[in-house]
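In each ligand, atom 1 is the first atom listed, and ligand 1 is the first ligand listed. Side chains are part of it too, since the values below use all heavy atoms of this structure and drop only hydrogens, waters and symmetry mates.
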Amino acid sequence: MREDSTMKRVIPVMVPMPADRPYSYAVPEGMCVEPGSILRVPLGPREVAGVAWDGDGEPVEAKKLREISQVFECPPLSLEMRRFIEWVASYTLSPPGLVARMALRAPAAFDPEPPVEGLRLTANRPDRMTTARERVLHYAADGQAWTRSGLSHAAGVSSTVIDGLVAQGVFERVELPPQPVVPVPDTEFGRPDLTPDQRFAAGRLREKAGADHFSVALLDGVTGSGKTEVYFEAVAAALDRGKQVLILLPEIALTQAFLDRFHDRFGAKPAEWHSDLAPRKRERVWRQVAEGQVRVVAGARSALFLPFRELGLIVVDEEHDPAYKQEDRVFYNARDMSVVRGRLGNFPVVLASATPSLESRVNADQGRYERIVLSARFADAALPELRAIDMRRSPPERGGFLSPVLIEAIGRTIERREQALLFLNRRGYAPLTLCRVCGHRFQCHNCSSWLVEHRFRRQLVCHHCGHNEPSPEACPECGTLDHLVPCGPGVERIAEEVDRHFPEARTIVLSSDLLGGVKRLRLELEAIAAGEADIVVGTQLVAKGHNFPSMTLVGVVDADLGLANGDPRAAERTFQLLSQVTGRAGRSGKKSTGLLQTYQPQHPVMQALISGDAETFYEREIVERERAGLPPFGRLASIIVSAATRQEAEGHARALRRAAPPANEIEILGPAEAPLALVAGRHRFRLLVHGTRRADIQAYLRRLLEAGERPRGSVRVQVDIDPQSFL
Ligand code: ADP
Ligand code: ZN
């Protein structure tokens, strides 16, 4: 705290802006502020919510010093949370204000929830008794206050019956405290019968989650081995210790099934947190997490920035999933930052996956994490038998993409009244459209990418910036009509091919661009699980976490698709995705098959999948990474320079390179034009910074950015530590 000449108390306040450090504000006489307090402060012409930070406010000229407007009636952000915000900012080279902003994403939640109106029985009796009125009185006789809707629901009467009783003075209005968004979970509710393997794993996790110190467990179990059941025991142990729990899921909007399973185990649902929540609901969850009423949150990566008051366990399910990486404003990996939060808060973290990331595997091999293995599927469910279809030997017929071998297998599957899934990670109908006469290719005006035809919507769509235009009939280049041809398949085109072969079958296409959004997707997924489809054609949406009991065939349309790009994790990613997709088959004990259409059946990824020998694959990949000094054996960061013109972007990128200070443990590659050279009208260049494990890559980047020119005009510089995408 600092006193200026007028003896006003001045404190630092973190405002939700890309500022490097907190700003100083004066505390008005009589205002009670402590570090972590959430405040309303003037900022330029507006007022914003900020957080009282630690330490002294920097001296400010008296006439520039502004006063805090208000302290919200809200629990302060904990010291642990403030340290976490600073840590994430420093690690990702982001302004701490922007990280703090992620923790303040529920503006209306800073004021207490308004009380709810309730009704309580008085001594008055109604003028006339009816059976409906009798039922209401029967329920309300316990003297408790009820909400109007709760009472009408319980008594099974319409709310007009209740209004009538209120009018006669039979009920009086009282204020109820705000309703909890979810009931408190009961750790004794649905205790499972674990198999001996599961019991052992659960015991290890319970021991970790029952203790107040930092540890990381890697729960490594094949798909269907019961990882969820097992980590629920860690959740129970943390709850029994009086702690709050966070479960991170990569695709929360689609995990209705997860919420139901949690309910089966704990008799109540967890609070959900993701971008699809209604704003009012979000605010109530935020508030009740801060106040401690919500004990368990299941959420997307941003849930990591919720203001828990007594967080004691984080579970990261499908920890290898690329969806944990945010690539917008603050570039962070929620899996890695969960481990950081556990370390700062001194509590355990559980990472679960059937195909752990190489980073986590190496951490386990080197003893930093404890690896807990579940090697068999639960009950009589067997893993699917995987085979490659060599597309050079059994090519599809002209104009098609499915090999006769796969088509035959689909036919046999639906004859047995079982389900088949065809997986292709490409939305739309065709990834490229060209004119057969002049060769014109339809490209996005804003991006260096082809426009993808979406035939159901009759549009050409850019998957990078969202630009869309009606599907044309004539070539804009040569004007010829009816000579535009789609090149390559998307899921819609595969569905069309399936329809040609199996016109009687019920075929569903599932991808994230379905009209009707998340609600529709949930319904479709439920319908599939209930056996209401014979053939499902889907993108990676169908790969994640779903349990389709009668699915016995999974066909991967293009197993090579992910291998071609220049990503150092291409093999790992393909292995993970295809293991997960094929893992959708055979969950209920029926014999099941996975077929991989590939032009490279000898590729180590295909071999690992077919043989089921993940160990050898991991060993090879680990050796490769170590040899190349790539993560986790070395450090990587990208610097992405973008600008309105190519010249500006390239110029700034080159200048940065020239300004790079020399360093022993660090090399800089580039600048090179990014593979996606143009996105949403911005030209992009990339530099790659590669360091040894010992290198302090953040310190180096800070020096480099310090030494280079400030970005001017339209130039923007974005740093991506531990990049996952190299596009
Ligand atoms: P994973 O997350 O490893 O893929 P799940 O936890 O989803 O596996 O379990 C697969 C299926 O087996 C689920 O339907 C689950 O309810 C069931 N299951 C697993 N273990 C048990 C158990 N001990 N008792 C009853 N059902 C179980
Ligand atoms: Zn575009």
#### Entry: Heavy-atom neighbours of Phe200 CZ exceed 12 at 6.0 Å
no
### Task
Run the salt-bridge test on Arg457 and Glu492 with the 4.0 Å N-O cut-off and return the result as yes or no.
no
### Task
Indicate the atoms forming the closest heavy-atom contact of Pro675 with Arg686, along with that distance.
CD-CD, 4.3 Å
### Message
For the residue pair Glu319 / Ser360, report whether a side-chain donor-acceptor contact shorter than 3.5 Å exists.
### Response
yes
### Query
Which heavy atom in Ala209 sits nearest to a heavy atom in Ala234, and how many Å separate them?
CB-O, 3.3 Å
### Task
Determine whether the side chains of Arg427 and Thr539 contain a donor N or O and an acceptor N or O closer than 3.5 Å.
no
#### Entry: Residue-atom pairs from the protein, N, O or S only, that lie under 2.8 Å from the Zn ion (ligand 2)
Cys444 SG, Cys447 SG, Cys462 SG, Cys465 SG
### Query
Tell me the salt bridge (Lys or Arg N to Asp or Glu O under 4.0 Å) pairs involving residues 605-615, sequence neighbours left out?
Arg361-Glu615, Arg371-Glu615
Distances for all N or O pairs of ligand 1 and the protein under 3.5 Å?
unit_1, atom_1, unit_2, atom_2, d
ligand 1, 2 (O), Thr228, OG1, 3.2
ligand 1, 3 (O), Ser225, N, 3.2
ligand 1, 3 (O), Ser225, OG, 3.4
ligand 1, 3 (O), Gly226, N, 3.2
ligand 1, 3 (O), Lys227, N, 3.0
ligand 1, 3 (O), Lys227, NZ, 2.8
ligand 1, 4 (O), Gly224, N, 2.6
ligand 1, 4 (O), Arg587, NH2, 3.4
ligand 1, 6 (O), Lys227, N, 3.4
ligand 1, 6 (O), Thr228, N, 3.1
ligand 1, 6 (O), Thr228, OG1, 3.2
ligand 1, 6 (O), Arg261, NH2, 2.8
ligand 1, 7 (O), Arg261, NH1, 2.7
ligand 1, 8 (O), Gly226, N, 3.0
ligand 1, 14 (O), Asn547, ND2, 3.1
ligand 1, 16 (O), Glu229, OE2, 3.1
ligand 1, 20 (N), Gln198, NE2, 2.9
ligand 1, 23 (N), Asp193, O, 2.8
ligand 1, 23 (N), Gln198, OE1, 2.8

### Query
Gln576 and Arg569: side-chain donor and acceptor closer than 3.5 Å?
no
### Those residues that, when tested against Arg426, pass side chain to side chain donor-acceptor pair (under 3.5 Å) (two or more places apart)
none
